[in-house]
Amino acid sequence: MGIVVQKYGGSSVADAAGVKRVAQRIVNTKKQGHDVVVVVSAMGDTTDELIDLANEVSPLPPARELDMLLTAGERISMAVLAMAIQMLGYEARSFTGSQAGVITDAEHGKAKIIDVRPGRILGAVDDGAIAIVAGFQGVSQTTKDITTLGRGGSDTTAVALAVALDAEVCEIYSDVDGIFTADPRIEPRARKIPRISYEETLEMAAQGAKILHLRCVEYARRYDMPIHVRSSFSEKEGTWVVKAEDVAQESTMESAIITGVAHDRSQAKITVVGVPDKVGEAAAIFRAISDAQINIDMIVQNVSAASTGLTDISFTLPRGEGQTAMAALARLQDTVGYERLGYDDSVGKVSIVGAGMSTSPGISARFFEALSEAGVNIEMISTSEIRVSVVVAETQVESAVNAAHSAFDLGTDEVEAVVYGGTGR
Ligand code: ASP
Ligand code: MG
């Protein structure tokens, strides 16, 4: 049997009891004859607590030192987990990201993995030991400094290692039983999805579903590494994230057009009101946003009113970047000559995702009808080949999710979704 990579999130190792429970699971997998390589996140809310600590000392902690501090969280859990496994009579060795050969670029706080050289991990596995790797961290190829991959990055560590080790599967454990047709916290009738494609998972994750780190899914798709998302609190089979062909084979019985509904409450909307309708205005606006290193999402530009020759441009962006964007745009008022700026951070985005929609007409109509029956007003719309998203008032996000979920018959009457730990990670 080959190597299995298992990743345990912070909620699975929140305290000593959790660490012991996870150690037992790992040993059970080892007993079945697999070689096991484990990636672990920081215990419970450790990362948030470390960030709070840094902010108490410095309003803008230097990125290099912040990364050094945050990586300590995963070091604690990896060492404690190795101890717990040794208590069960099995050999375990822990490794930092750097020791495990996770090589990144030098972008502190959002480093990208550029190579994995798992020599020491393979050495441990060859010796019959269970290797435990600290998630979410690596070492920069150029500066040799310790880096982190961004919040939630342990998923990406796990997939990258699984690829480098040519593992059979990358299992990602959290406190929910898999990927659901909607967030079970707001949709009680949510159903577990047995198999889902990389593409649909990417859309769901990008649209705010807190299932997997986006980059981990991109990585898995690129190298075709199957991911099994499951709970460390139950023995249930979870959700398999696989290539689209493998989903199609399984679901010949009922091929659902819509796979799931995602929502996102982390966005804000900016409207540039009264933009003169002439060449180069949109370019100037979005150049300023881009120069401020802000990633935007939806853009809507209206046709200008014939009487005034003015148009409005709205776009969404992460709420945390709202003030930076407003400041960047304010500096443009004289050159662009717009009338004023509007800012709204009580918006939310609701998306339906499904590979089947590219071949079935009427999906948007059904979605918008359901929203209208639920009294939800649509502020913006955007689509991809396998997704339709709307921006609505934040107070209407929940009704919009429920309406879409029932319009596409995604629900079940049996209670399937249990959130064991409470965080979803
Ligand atoms: N501990 C880090 C975080 O909370 C990484 C992770 O959990 O994946 O963001
Ligand atoms: Mg965490």
Side-chain angles (χ1 to χ4, degrees), residues 5-15 18-19 22 37-55 61 63-81 94-100 102 104 107-113 116 132-139 146-163 170-176 179 201 205-206 208-220 225 227-233 238 241 266 318 320 419-425:
V5 172
Q6 300 188 326
K7 179 259 170 176
Y8 292 92
S11 63
S12 296
V13 290
D15 51 19
V19 171
V22 163
V37 173
V38 176
V39 173
V40 70
S41 294
M43 295 172 71
D45 296 327
T46 304
T47 308
D48 293 306
E49 288 158 13
L50 292 173
I51 291 173
D52 292 346
L53 173 63
N55 288 332
R64 179 188 185 277
E65 303 310 326
L66 186 61
D67 273 1
M68 197 61 112
L69 176 69
L70 296 189
T71 53
E74 271 71 12
R75 273 196 182 213
I76 295 173
S77 46
M78 74 179 191
V80 178
L81 183 57
S94 65
F95 298 92
T96 64
S98 162
Q99 289 176 314
V102 179
T104 71
E107 285 289 315
H108 286 292
K110 48 173 183 237
K112 287 203 183 66
I113 297 179
V116 181
I132 316 281
V133 178
F136 152 79
Q137 55 181 273
V139 61
I146 298 300
T147 54
T148 64
L149 310 180
R151 298 304 308 269
S154 302
D155 293 353
T156 302
T157 305
V159 170
L161 262 178
V163 169
C170 181
E171 297 185 327
I172 303 229
Y173 287 90
S174 73
D175 61 359
V176 281
I179 301 177
T201 311
K210 293 179 189 60
I211 40 182
L212 290 170
H213 199 230
L214 196 55
R215 291 223 313 273
C216 121
V217 190
E218 282 166 358
Y219 213 106
M225 172 55 61
I227 304 177
H228 187 186
V229 183
R230 54 194 307 198
S231 165
S232 72
F233 295 79
V241 183
S266 68
V419 183
Y420 302 90
T423 67
R425 301 286 316 173

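All ligand and atom numbering here is 1-based and tracks the order in the structure.
- Residue contacts with ligand 1 include G153, since one of its heavy atoms falls under 4.0 Å from the ligand.
- The N/O atoms of T47, backbone and side chain alike, include one that comes under 3.5 Å of an N/O atom in ligand 1.
- For Y8, the ring pair (Phe, Tyr, Trp, His ring centres under 6.0 Å) partners two or more places apart in sequence, or in a different chain, are Y173.
- Ligand 1 places these atoms under 4.0 Å from at least one heavy atom of F136: 2 (C), 5 (C).
- A side-chain contact (heavy atoms from CB on, under 4.5 Å) with T156 holds for exactly one of R215, E218, K7; it is R215.
- Looking at E74, its side chain never comes within 3.5 Å of a backbone N or O of S41 through a donor-acceptor pair.
- Checked by distance only, ligand 1 and S154 come closer than 3.5 Å through their nitrogen or oxygen atoms.
- Here K110 pairs with E107 under the side-chain contact (heavy atoms from CB on, under 4.5 Å) rule; sequence neighbours left out.
- Using 4.0 Å as the threshold, G152 has a heavy atom nearer than that to some atom of ligand 1.
- The distance from ligand 1 to the heavy atoms of R151 drops below 4.0 Å at these ligand atoms: 3 (C), 4 (O), 9 (O).
- Of the heavy atoms in H213, none comes closer than 4.0 Å to ligand 1.
- The closest side-chain donor-acceptor pair between D67 and T147, if any, does not fall under 3.5 angstrom.
- The contact set between ligand 1 and S41, taken as ligand atoms under 4.0 Å from a residue heavy atom, comprises 6 (C), 7 (O), 8 (O).
- Looking only at distances, no side-chain donor or acceptor of H213 sits under 3.5 Å from a matching main-chain atom of A205.
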